[in-house]
Amino acid sequence: MSVNPENVIANLKDLQALTANQDGAQRLAWSPVWMQARAWFATKQEGLGFEYHLDAAGNRWVTLPGKSKSALVIGSHLDSVPNGGWLDGCLGVLAGLEVLRALAEEYQGEPPFTVRLVDWADEEGARFGRSLFGSSAFAGTATIAEDRARRDRDGNVLAETLAHCGVDIDRVAEARAEQANMAAYLELHIEQGPVLETMSLPLGAVLGTKGVERHAITFLGQESHSGSTPMAARKDALAAAAKLALEIRNIARKHEDAVCTVGSVKTYPGIVTAVVGRCEMTLDQRDLNAAVLAQLLLEARRASRQFAAEEGCTVEWSKIWSIEPIPFDAELIELCKEAIFEVAGASHTMPSGPLHDAAEVARLGVPTVMMFVQSLGGVSHNKIEDTRIEHLHMAIRAFDRLTAKTLTWMKQRTAAE
Ligand SMILES: [Zn+2]
């Protein structure tokens, strides 16, 4: 037995040929191309003896029943952002399918534990702005009341779009039924950042997903004539915001993995002849450690008040969104490091800046770990997204080993109970 990475690469290329145009992958969730990708995926399971069904939130589950109902779950997502790459999400699903195929072969159709593969619905949130749609419904953290009226760019309403795909928005919460018997969750994904490439490492074990604090900050000064207002008399809201945009870099640098980003700045009145009276900016701060994240926020708030005072302005904060850091399982992280070491001869652990479906599963208390494979140039959500073929081979082999190790771990845990 054992996985054949070539099968996965061939499937990835087929899927790309089927669902990408000259601008990249177009598997936008709930779109005809996404449905086509899923129909293609269904044909890949034919004849392998798996059971499959859609749950109430549109997640697609493929099950290889084992001697025990206790289940190891492998997951990722087939949906992509518009003009996406050939690996984001689908690598994990197609590697998972190959792992299931190899396990079915090794155990003549019945492994000691049930092994399931899930293609989460709408991980990206690229169309309706609600990321992790399917996995949050599964985890019971979905906010359907707020989401049902969301519209895409063309004015389509979420509830109606789901209905076209066979998903009844009022029943989405029933996806929680899939939580039953779930003993562990594994996800393989491209890194989507430059860390592994910078370290010349193919693979990394993921420690968890960083918590996020996302805020809107508004500096209020005094709009005034650019010609008649002396420099000393100005209340320049942009000057205060600019100081903060630079200071957040110093705030982040005090912590190894912390990141802080000002992604948007708007000035009012925003004309060439006026001192800025109002400046709105956004701040996104992330770290795996909750105490560090709290410190980042505290320091940014403090700095904003100081800069506002220096520039004769006031400052107001309002929270856009936040999520706590979600650490993965310490024992599974160890198994992931071992699997990587056996294949690559070196192992590295790292937090994930982006959120993933794995975070929703881990939040439930299901032991979870992710494996990252190097992304060339750290680029993702772009048609130039790529990973070296030899690194993809290593990733698939290491992920297969992680699966085998996790099954052994489940056996030891069952024996200990
Ligand atoms: Zn992804």
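Whatever order the structure lists them in is the order used to number ligands and atoms, beginning at 1. Residue numbers start at 1 and run along the sequence shown.
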Problem - Atoms named by residue and atom, protein N, O or S, within reach of the Zn ion (ligand 1) (under 2.8 Å) - result: H77 NE2, D88 OD1, H189 NE2

Handout entry: E146 side chain reached by R130 side chain, heavy atoms, under 4.5 Å
Key = no

Practice task
Flag the pair T406 / T403 as yes when at least one side-chain heavy-atom distance between them is below 4.5 Å, and no otherwise.
Solution key: no

Practice task
Scan for ring pair (Phe, Tyr, Trp, His ring centres under 6.0 Å) pairs involving residues 126-149, sequence neighbours excluded, and state none if there are none.
Solution key: W30-F133, W61-F138, W120-F138

Exercise for the section: Among residues two or more places apart or on two chains, list those pairs meeting ring pair (Phe, Tyr, Trp, His ring centres under 6.0 Å) that have a residue in residues 348-375. Expected result: H189-H356, H356-F372

Fill in the blank from the handout: salt bridge (charged side-chain N to carboxylate O under 4.0 Å, His left out) filter on E299, not counting sequence neighbours, yields K254

Practice task
Starting from the C-alpha separation in whole Å, work towards a yes-or-no answer on side-chain contact (heavy atoms from CB on, under 4.5 Å) for L28 and V81.
Solution key: CA-CA 6 Å; L28 196 57; V81 295; 5.9 Å; no

